[in-house]
Trainee: 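Would you mind keeping the following structure in view while I ask a few things?
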Amino acid sequence: MLLASFIKENKEKVLEGLKIRNFKETHFVDEVIVLDEQRKEIQQQSDNTQALINNASKEIGQLFKSGQADKANEKKGQVSEWKTQLKELQEQADVIKNKLETALLSLPNVPHPSVPPGNTDEDNEVYKAWDKAMPQLHENHQPHWELAEKYDIIDMKLGVKLTGAGFPVYKGKGARLQRALISFFLDEANKAGYTEYIPPHMVNEDSARGTGQLPDKEGQMYYVTADDLYLIPTAEVPVTNIYRDVILDEKDFPIKMTGYTPCFRREAGSYGAHVRGLNRVHQFDKVEIVHIEHPDKSYDTLQEMLKHVEGLLEQLGLPYRILRLCGGDLGFTSALTFDFEVYSAAQGRWLEVSSVSNFETFQSNRLKLRYRDTENKKHLAHTLNGSALALPRIVAALLENFQTTEGIIIPEVLQKYTGFDRID
RNA sequence: GGAGGAGUGGCAGAGCGGUUGAAUGCACCGGUCUUGAAAACCGGCAUACUCGAGAGGGUAUCGGGGGUUCGAAUCCCUCCUCCUCCGCCA
């Protein structure tokens, strides 16, 4: 959420940003500015009335003390008039505040100047292309969903029986591969200086709001009605919210956190060949990295995160490319996002496996995540996060790219985790 | 799940209807003293919104929300959290 004051002072910049995003509902910008003015005005009136009441109440107290009950009762009459006025003012104020909140929540983050304009994923900029060899598959190669069945390592049908479509069951070497990847990713994150967390897999409404899942993506989350809790769509939500309502010292930067969690996404309305197998599922595993950074350093940090993710993919030996998302494809809360895609050879497709973003102050504003500078002034911190990495599509690419007539070869870095070097 | 008890500033801990944004202690910051340090003494020390060039002013906040009252940290309702006991349980 942007600050109303920021919108007022940077109206042109905000409008330009919305244009880059191809965001049509620019009327919210003026609404915010007007409503914020109205809010101040009515707040002023309401505060003044309250001040009158507070003063009169003190006087009444004094009068009772000095035994002038009749005068006190006279004052009471006047106060009750003010109270009626106050109530009306507050009702008006509530209406305005609600409208303002709605308008503010409707506006996405202002894109970073480097974000290219564009509407769809076709307009994304290839930031780093893959210029090395592509995997060469043998003649009878198969897509990962067939391999998974052939080697009996992932059972989608069993998932349907137990839960429903999109809930894969990993079995035998498939399960062990899954666990190996999680351990590998976490170990790499630890080596890179991230503090590891195991957060809850359900969060309350405040947390979902803090990182911007609510109200924007309400339908995307599984919701436990009996307890008013949301299943997390990513570790970003609980991990970033660790720092909700926190005021840091400048010297606390950078804060680097990592966590493995399952992720739950309803993905309503998805269907077709592109969501086959592991390409899109309702529950998947992911290791996330989260940074909280000083505003001056957040873009250097974003580069550092890209390097970290690149390192993982290189060690796994998967062809990858990095995209700079265009305005239209950029997430609501993000200022700049780089997507990582790996090449899944049997499908002949690039699959998104990581999304690394700088949210600047968009999340921290709602989180009330601030820091004190050397002059003791408070400012909003910057938050960033990235997948490092999301498992299913990595598994898909591993299965497809490393399939041989003698089975699937496990990358060397994973072998000490899996305890086997091939799936056959 | 059942029965009790409790939630006050960074921490500890008073207050239990009327100048209480909140005593006191500790911590922290500045100063005096000191060769330096400690001790002692003096002063400062919450957050948000808002008015003001500034000095300074207004409003809100004593777990969250709602209510009673001219007036609530103090009374009532409700939710949350923690503690003790019982039950259940990986």
Trainee: Sort out the partner of B/rC41 for me: Watson-Crick or G-U wobble, both distances under 3.5 Å, none otherwise.
Mentor: B/rG31
Trainee: Whom does B/rU20 pair with, Watson-Crick or G-U wobble, provided both distances fall under 3.5 Å?
Mentor: none
Trainee: Who does B/rA48 pair with, Watson-Crick or G-U, both distances under 3.5 Å?
Mentor: B/rU59
Trainee: If pairing requires Watson-Crick or G-U wobble contacts with both distances under 3.5 Å, which nucleotide is the partner of B/rG25?
Mentor: B/rC11
Trainee: With both distances under 3.5 Å as the test, what is the Watson-Crick or G-U wobble partner of B/rG54?
Mentor: none
Trainee: Quick one: list whatever passes ring pair (Phe, Tyr, Trp, His ring centres under 6.0 Å) with A/His291, sequence neighbours left out.
Mentor: A/Tyr194
Trainee: Select base, sugar-phosphate, or nothing to describe what A/Ala51 touches, counting heavy atoms under 4.0 Å on all strands.
Mentor: sugar-phosphate
Trainee: Going by atom type alone, with no hydrogens or angles, which donor-acceptor pairs under 3.5 Å involve a side-chain atom of residues 235-245 of chain A and a protein atom two or more places apart or on another chain?
Mentor:
{"from": "A/Glu236", "atom 1": "OE1", "to": "A/Asn385", "atom 2": "ND2", "distance (Å)": "3.3"}
{"from": "A/Glu236", "atom 1": "OE2", "to": "A/Gln363", "atom 2": "NE2", "distance (Å)": "2.8"}
{"from": "A/Glu236", "atom 1": "OE2", "to": "A/Asn385", "atom 2": "ND2", "distance (Å)": "3.3"}
{"from": "A/Thr240", "atom 1": "OG1", "to": "A/Glu236", "atom 2": "O", "distance (Å)": "2.6"}
{"from": "A/Asn241", "atom 1": "OD1", "to": "A/Arg244", "atom 2": "NE", "distance (Å)": "2.7"}
{"from": "A/Asn241", "atom 1": "ND2", "to": "A/Ser207", "atom 2": "O", "distance (Å)": "2.9"}
{"from": "A/Asn241", "atom 1": "ND2", "to": "A/Val237", "atom 2": "O", "distance (Å)": "2.8"}
{"from": "A/Arg244", "atom 1": "NH2", "to": "A/Ser207", "atom 2": "OG", "distance (Å)": "2.9"}

Trainee: Centres of the A/Tyr230 and A/Tyr222 rings: under 6.0 Å?
Mentor: no
Trainee: Considering residues at least two apart in sequence or located in another chain, which fulfil the ring pair (Phe, Tyr, Trp, His ring centres under 6.0 Å) criterion with A/His379?
Mentor: A/Tyr371
Trainee: Would you mind pulling out the nucleotide paired to B/rU81, Watson-Crick or G-U wobble, both distances under 3.5 Å?
Mentor: B/rA6
Trainee: May I ask which nucleotide in the shown strands pairs with B/rC89, Watson-Crick or G-U wobble, both distances under 3.5 Å?
Mentor: none
Trainee: Can you give me the first and the last nucleotide of RNA chain B (5' to 3') that has an atom within less than 4.0 angstrom of a non-hydrogen atom in chain A?
Mentor: B/rG18 to B/rG71
Trainee: Please list all pairs meeting side chain to side chain donor-acceptor pair (under 3.5 Å) that have one or both residues in residues 70-86 of chain A, counting only residues at least two apart or in different chains.
Mentor: A/Glu59-A/Lys75
Trainee: Take A/Asn55 and A/Lys58, find for each the nucleotide of RNA chain B with the closest heavy atom, and name the residue whose nucleotide sits nearer the 5' end.
Mentor: A/Lys58
Trainee: Tell me which pairs pass side chain to side chain donor-acceptor pair (under 3.5 Å) where either residue lies in residues 161-174 of chain A, with sequence neighbours left out.
Mentor: A/Asp152-A/Lys171
Trainee: Taking a pair as Watson-Crick or G-U wobble with both distances under 3.5 Å, which nucleotide is matched to B/rC75?
Mentor: B/rG67
